[in-house]
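We use all heavy atoms of the structure for the numbers below, so side chains are in, but hydrogens, waters and symmetry mates are not. What you see is a predicted model; the values in this text were computed from it and never measured. In the text below, chain A, chain B and the rest are named by the order of the sequence lines, each starting its count at 1.
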Amino acid sequence: MTKHMLLAATALTLTLGAAQAETLRWARSGDALTLDPHAQNEGPTLALMHQMMEPLVLRNPAGELEAALATDWSVSPDNPDVWTFTLREGVKFHDGADFTAEDVVFSINRALTENSDMKGIISSVASVEATGDHEVQITTKGPNPLLPAALPNILMIDKDWAEANDTVDVQDVEGGEETFASQNVNGTGPYQLVSREADVKTEMTVFDGYWGADGFAMGYSDIVYTPIQNPSTRMAALFSGEVDFIQDVPVQDLQRIESDPNLKIVSSPQNRVIFFGLNVGDTLVNGEGENPLADPAVREAMNMAINRDAIQQVVMRGQSIPAGVIMPPFVNGWNEELNTVPEGGVEAAKAKLEEAGWGDGFTVQLDCPNDRYINDEAICQAAVGMMAQIGVTVNLNAQPKAQHFPLVNGLESDFYMLGWGVPSYDSEYIFNFLYHTKEDLYGTWNGTRYSNPELDEMIKAIAAEVDLDKRDAMIAEMWEMAKSDTVYLPIHHQVLNWAMKSGVGAAVDADDQVKVKYFTAE
Amino acid sequence: MLAYIIRRVAQSILVLLVTGFVAFSMFSFVGDPVENMLGQERTQADVDRLREQLGLDQPFVVQYGKFLQQAAQGNFGLSYRQGRPVSDILAERLPATLELAAVSGLLALMGGIGFGIFTAIRRRGVGANVIMTLSLVGVSLPTFLIGILLIYVFSVELGWLPSFGRGDVVEIGGWTTGFLTASGLKALVLPAITLGLYQMTLIMRLVRTEMLEVLRMDYIRFARARGLRERAINFRHALKNTLVPVITITGLQLGSIIAFAIITETVFQWPGVGLLFINAIQFVDIPVMAAYLMMISVMFVGINLIVDLLYFAIDPRLRIDGKAGGH
């Protein structure tokens, strides 16, 4: 009897112990490029770093801003250029040092230096200053109502640690030497680095002194992160139970995962819209004579000719949401009406083209990446067929992203595919990069030659408009203008799929960012 | 003798320089690394600055010259992707590839010779015919498919072996080895078979053909007539005479095992130089691509040079400038 009880008690302790020491084995297609928080503004890199380092303001899996290292923030009533951030007290870095205002000043200034890849996100910041042990003031160049939304990827590191290890400057690939911060981490995040072998494996374990230990799910005590590049191998590793959780799930494997009782898929619309851009300039890059794409009616006809439902059903196997606007859902400025896809179909499109004087059709080259977006090349192939139906001959040029994007940015394409995510969750980000006339600081991803002075002016105006209602009204007006000019042909919003063992309670995040502290383990 | 060696070495260096030249002229077609290195929010000024810093605004001949100048001092630059010295990364990754190549080379040699002898001796047996048919699979199926097939059977269905990675490794003086841990050895099995299968079937077919040829020779008949045991005839007399071409081919194939490890490494996420190279191509990591290509060509040129010198030592007819006019 006693023996039985003892056994039961041992078993109970063991189960409890196991529940507390859960390891999440996590795989995705690529590895982080560095651990220096300000050296690379790149998805997988930031995703890994977010387990170990934290920003002032975090975007939680629901897409909302959440207090992280700052508990409170507000703009000064007297001066719209000045923001005050109250910092969380009692926060420790992994090495035991206290998190204070001087670390924030140091980190933000570091993120603003020339070698930093994050400086573009916070280019509106003029200066940062510590106004107390746990208070900082950020002054912007002109009013910026969206400052907090720019901060979720600006991660904080310890000033003394950086100075002691001679890693004050951001890692620079041409700088000659690798830096300490590119291999080591001292953040305030829920997990701390145990070991890392680039492209092979990164191990992390829970940080005992984490301020939020009781406030979050924290289902896992350890994380093993492994990049597995080949999609079939990645799937095999999940099926064989060697990993618990994978990102970048190929759409053709979704059904197999769902039919496996030990596995599950968690989906969410992704913060990424896929579309085609058109050269609206006077001349074509590839082709002679008048540019048919300069005529808005032609662009509208092409927009009608794209059968988004067919792409969704056939190419994407249902894993997309047809788009009528190049704005991901949940971005400020979004509404269902804007997302209405053009009606009419092939017949109406043909009639429209005829009316515009291009009834005999024309020839244009479509440039497309083949390793960037989900089924990118297949989408372009489908579009070629759809354009042929209205008499437009499309020559497809599909190539790797490293060759595709220089064409778009060098204004060497007439018709190209692009995908866009909106980290700030605000329409301004889209207008700023994609609609503004291409200049040094604005319109940097506008490969269409589109230039609308009225719209340009409004883009600059909303950036500084602090009256949010007025600002939203302006945004709505701008979308009307942009949509009626049809310089982009929206295709769809990507759907994000994460696959995992049924015991993993993952919180999918529209940005494909993983924050393990929100995960539960069964 | 010395003149011959000097001539051969000079030729090898020329081949290396030409390989590097061709490689650098191709890099501009791979794409623009700057797009991968800067975030979405970069400005045109950032792009221009970085391009200038990296010397990408220079013609490729100038870039190549700069690379040679630095390489001569043992500096291969920093990886664009990882921001670490290329020589460090290569040194870290090379053990994985060399261990994999060694195991699959050994596997190919032993399996190839064993099966080759078997199929030659039991020419009409069922077993031999089954092996011969199966060997067609090894020759005709692409490597990645064999790899995926093996993963499906042994990792997913049976759960015996890992589907990716190298398992736990032990570091001994800068060399990481998977030979000393159980998980490291288990992880080696599938990639080694995948990589070695083609070479194994190649060697097997070669051994079989040679062996059949030799078994028809008069001295084998005489050996039989002398009443020697089958075992002695097959292994002592026949096998020895088939091995010369086999060893030549194996030596030459060793280079390609290392070079072709790229595909196997990608399928099994094997952290060797092949996987590194694939990643480098996708990212347009020019310093890594250049160093890898130079390393592989040094290896091939080196193997060929050794073979040439060995021939020279073995075959007197090659001493053209010597006193060979005796006949």
I'd like to check [X] versus [Y] (side-chain heavy atoms, cut-off strictly below 4.5 Å). Are they in contact?
X	Y	value
B:Gln44	A:Thr444	no
A:Trp445	B:Glu41	no
A:Asn115	B:Arg49	yes
A:Phe433	B:Gln40	no

Please look at [X] and chain B and tell me whether the side chain, the backbone, both or neither of the residue comes under 4.5 angstrom of a heavy atom of that chain.
X	value
A:Glu439	neither
A:Pro231	neither
A:Ser123	neither
A:Pro406	both
A:Tyr429	side chain

As an exercise, state the distance from [atom1] of [X] to [atom2] of [Y], rounded to the nearest 0.5 Å.
X	Y	atom1	atom2	answer
A:Ser232	B:Leu149	OG	CG	11.5 Å
A:Lys201	B:Gln269	NZ	CD	12.5 Å
A:Ser240	B:Leu161	OG	CG	10.5 Å

For [X], I'd like to know if atom [atom1] has over 12 heavy atoms of other residues, nucleotides or ligands within 6.0 Å.
X	atom1	result
B:Met26	CE	no
B:Tyr198	OH	no
B:Trp160	CH2	no
A:Glu412	CD	yes

Exercise for the section: For the pair A:Gln229 and B:Phe164, evaluate side chain to side chain contact (heavy atoms under 4.5 Å, CB included) and give the outcome as yes or no after the intermediate values. Expected result: CA-CA 10 Å; A:Gln229 194 168 340; B:Phe164 72 94; over 6 Å; no
Return the minimal non-hydrogen interatomic distance between [X] and [Y], and the atom names on each side.
X	Y	value
B:Pro162	A:Glu242	CA-OE1, 3.1 Å
A:Ala236	B:Ser163	C-OG, 4.2 Å
A:Asp440	B:Thr43	O-CB, 3.4 Å

Problem - Verdict with supporting geometry, A:Asn230 and B:Phe144, side chain to side chain contact (heavy atoms under 4.5 Å, CB included) - result: CA-CA 10 Å; A:Asn230 186 303; B:Phe144 72 90; 5.8 Å; no
Practice task
May I ask you to name which of B:Val284, B:Ile151, B:Leu38 has the most heavy-atom pairs under 4.5 Å with chain A?
Solution key: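 Of the candidates given, the most pairs with chain A belong to B:Leu38.
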Heavy-atom pairs under 4.5 Å with chain B: which of [options] has the most?
options	answer
A:Ile121, A:Asp117, A:Leu238	A:Asp117
A:Met118, A:Lys119, A:Glu42	A:Lys119
A:Gln399, A:Lys401, A:Glu114	A:Glu114

Problem - Per-residue contact mode, B:Val47 against chain A (heavy atom under 4.5 angstrom) - result: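 For B:Val47, neither part sits under 4.5 Å from chain A.
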Exercise for the section: Identify which part of B:Asn75 has an atom lying under 4.5 Å from any heavy atom of chain A, answering side chain, backbone, both or neither. Expected result: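 For B:Asn75, neither part sits under 4.5 Å from chain A.
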Practice task
Assess the side chains of A:Asp199 and B:Gln82: does a donor N or O sit below 3.5 Å from an acceptor N or O?
Solution key: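 Distance-only check passes for A:Asp199 and B:Gln82.
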Exercise for the section: Would you please say whether a donor-acceptor pair under 3.5 Å links the side chains of B:Gln282 and A:Asp371? Expected result: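 No, because no side-chain N or O of B:Gln282 sits under 3.5 Å from a partner of the opposite role on A:Asp371.
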Exercise for the section: Apply side chain to side chain contact (heavy atoms under 4.5 Å, CB included) to the pair B:Arg42 and A:Asn41, showing each step before the final yes or no. Expected result: CA-CA 10 Å; B:Arg42 91 278 179 284; A:Asn41 179 10; over 6 Å; no
